[in-house]
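Below: the structure, in structure tokens.
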Amino acid sequence: MPNTSQEIPFNVPYVTGRELGYLEQVIESGHFAGNGPFTKKAERLLEQRYDVPHVLLTHSCTGALELSALLLGLTPDDEVIVPSYTFVSTAAAFLRTGARIVFAEVKPPTMNIDVDDVERKLSPRTRAIVPVHYGGIGADMDRLALLASRSGAVLVEDAAQGLEARIDDRWLGSIAPLGTTSFHETKNIHSGLGGALFLNDSSLFEKAEDIWERGTNRAKLFKGLVDKYTWVELGSSFYPSELQAAFLYAQLESIDENLAERLALYGRYDELLRPMEGDGAFELPEVPSSRILNGHTYYLVANSIADADRIRIGLKERHINAYIGYVPLHSSPMGASLGYEPSNLPVTEEYAQRVLRLPLHNAMTVDDVDLVALSISEVLAS
Ligand SMILES: *Cc1c(COP(=O)(O)O)cnc(C)c1O
């Protein structure tokens, strides 16, 4: 067994060292509450970098998804198709409006939404489809866009794991009319908690901004368009404080460096693990050449549930923290209360227990990756 006296954590949140300087500027300015200079600067940077007409910073990706659900004006007569294999917010944000959540299967080994299953589950009531770009690998947006336009549904991207990744020259989060991303500390760049809504459809912007401003037209007051502000929509408190926006701005300025480091680690994993996949040790996601990655995560799909447990526990004994993926939402207690049974989505149910996410973060070195790969081969051979 290699001598890993030091633990390799699953994630270490990224820090640039320049966050404090910007936080001091906020303290000196006396503007703390949000929608101030750093919020604006971060939004403009995101708009320019990802070629999106409007970006609104939010306190989380959860918030951006909730804002999307309010913006679409969903009702209990509507249905929203989401993968079961995702974080709870992808479903919960839409469930809040009373809409019915229709869970779709994923397609292993990428674990992105299974578009054939989406097609089967479309109904005259489908108002939204919410693909998740799992691990920063772009879902099949072209086919989803066709299905959406055929059924009159709106596509909302959950690009919480997809910032900086692309399908050809289209940035994840900027492809559908609405896109959401996360700046949670477990994502590539972060502000502790944080997120953003990308609005590709400019006609939605005014309403989105009112919802974002707690349902008031206060943003129009700042722009000199009205002389007092009032309640105009059902909204909520969706934006982050200036302290978070300033922290985020420092991270956004380092995004190229962050990405290069992560891609180097990702590339090393691939170099070492692809030959093991070739020997049948496990499966790795197929990444079509159109998908440009962001090094968010590296994961393998074990040959069996027992194998996944064996690898995870063997790594843990060597102080390496790998992490199982999501517990499917349809087989959760909430899923059961929505009328689902585990057997409704057999592919998701099986593969969710075979995914193993390996450590990948900016505090790691290529030597750490070598150690993880060596440890996996040892565990499998033992
Ligand atoms: C992290 C994540 C979220 C939630 O993001 P928050 O910013 O923590 O609300 C939603 N969806 C997916 C796919 C995620 O990975």
Have [X] and [Y] got a donor and an acceptor in their side chains that come within less than 3.5 Å?
X    : Y    : answer
S254 : T16  : no
H133 : Q161 : no
S182 : H184 : no
R262 : N362 : yes
S203 : D201 : yes
E164 : N188 : no

Kindly say whether [Y] contributes a backbone atom to a donor-acceptor pair with the side chain of [X] at under 3.5 angstrom?
X    : Y    : value
D279 : A281 : no
N112 : I137 : yes
T58  : Y239 : no
E185 : G192 : no
T97  : F94  : yes
Q244 : S241 : yes
R127 : L72  : yes
N258 : I189 : no
S304 : D307 : yes
N217 : Y229 : no

Would you say that [X] contacts [Y] through its side chain, given a criterion of any heavy-atom pair below 4.5 Å between the two side chains?
X    : Y    : result
E286 : P109 : yes
L199 : L71  : yes
N200 : S174 : yes
L122 : I81  : yes
H330 : T348 : yes
S191 : Q251 : no
R125 : R100 : no

_Using the ring-ring contact (aromatic ring centres under 6.0 Å, His included) definition, which of the options Y269, Y134, F10 pairs with Y299?_
Y134
*D51 atom CG, neighbour heavy-atom count above 12 within 6.0 Å*: no
*Decide if atom CD of Q353 counts as having more than 12 heavy atoms of other residues, nucleotides or ligands within a radius under 6.0 Å.*
yes
How long is the span from the [atom1] atom in [X] to the [atom2] atom in [Y], to the nearest 0.5 Å?
X    : Y    : atom1 : atom2 : answer
L74  : E79  : CG    : CD    : 11.5 Å
F198 : I175 : CZ    : CD1   : 11.0 Å
S343 : E349 : OG    : CD    : 8.5 Å

*Considering residues at least two apart in sequence or located in another chain, which fulfil the salt bridge (charged side-chain N to carboxylate O under 4.0 Å, His left out) criterion with R354?*
E350
_Y249 and Y22 aromatic ring geometry - parallel, tilted or perpendicular at 30°/60° bounds_ = tilted
*Please answer: with hydrophobic residues joined when any side-chain heavy atoms are less than 4.5 Å apart, are V132 and I292 in the same cluster?*
no
*same_hphob_cluster(L284, Y85) at 4.5 Å side-chain heavy-atom cutoff*: yes
Look at [X] together with [Y] and state whether they make a salt bridge at an N to O cut-off of under 4.0 Å.
X    : Y    : value
R268 : D370 : yes
D114 : K121 : no
D117 : R120 : yes
D142 : R170 : yes

*Given the rule in the side-chain contact (heavy atoms from CB on, under 4.5 Å) test, do D210 and K207 qualify, once you have shown the distances and angles that lead to the verdict?*
CA-CA 5 Å; D210 291 343; K207 184 171 175 186; 5.7 Å; no
*Determine, step by step, whether K41 and E242 satisfy the salt bridge (Lys or Arg N to Asp or Glu O under 4.0 Å) criterion, reporting the C-alpha distance in whole Å, the side-chain angles of both residues, the deciding distance to 0.1 Å, and the verdict.*
CA-CA 11 Å; K41 276 167 72 163; E242 275 290 285; over 6 Å; no
*Are the ring centres of H190 and F183 closer than 6.0 Å?*
no
*Could you tell me which non-hydrogen atom of G162 sits nearest to which non-hydrogen atom of L172, and how far apart they are?*
O-CB, 3.6 Å
*Determine, stepwise, if the pair T90 / D158 fulfils side chain to side chain donor-acceptor pair (under 3.5 Å).*
CA-CA 7 Å; T90 318; D158 181 339; 2.9 Å; yes
*Show the numbers, then the answer: is there a salt bridge (Lys or Arg N to Asp or Glu O under 4.0 Å) between K220 and E209?*
CA-CA 9 Å; K220 290 194 184 63; E209 199 178 38; 5.6 Å; no
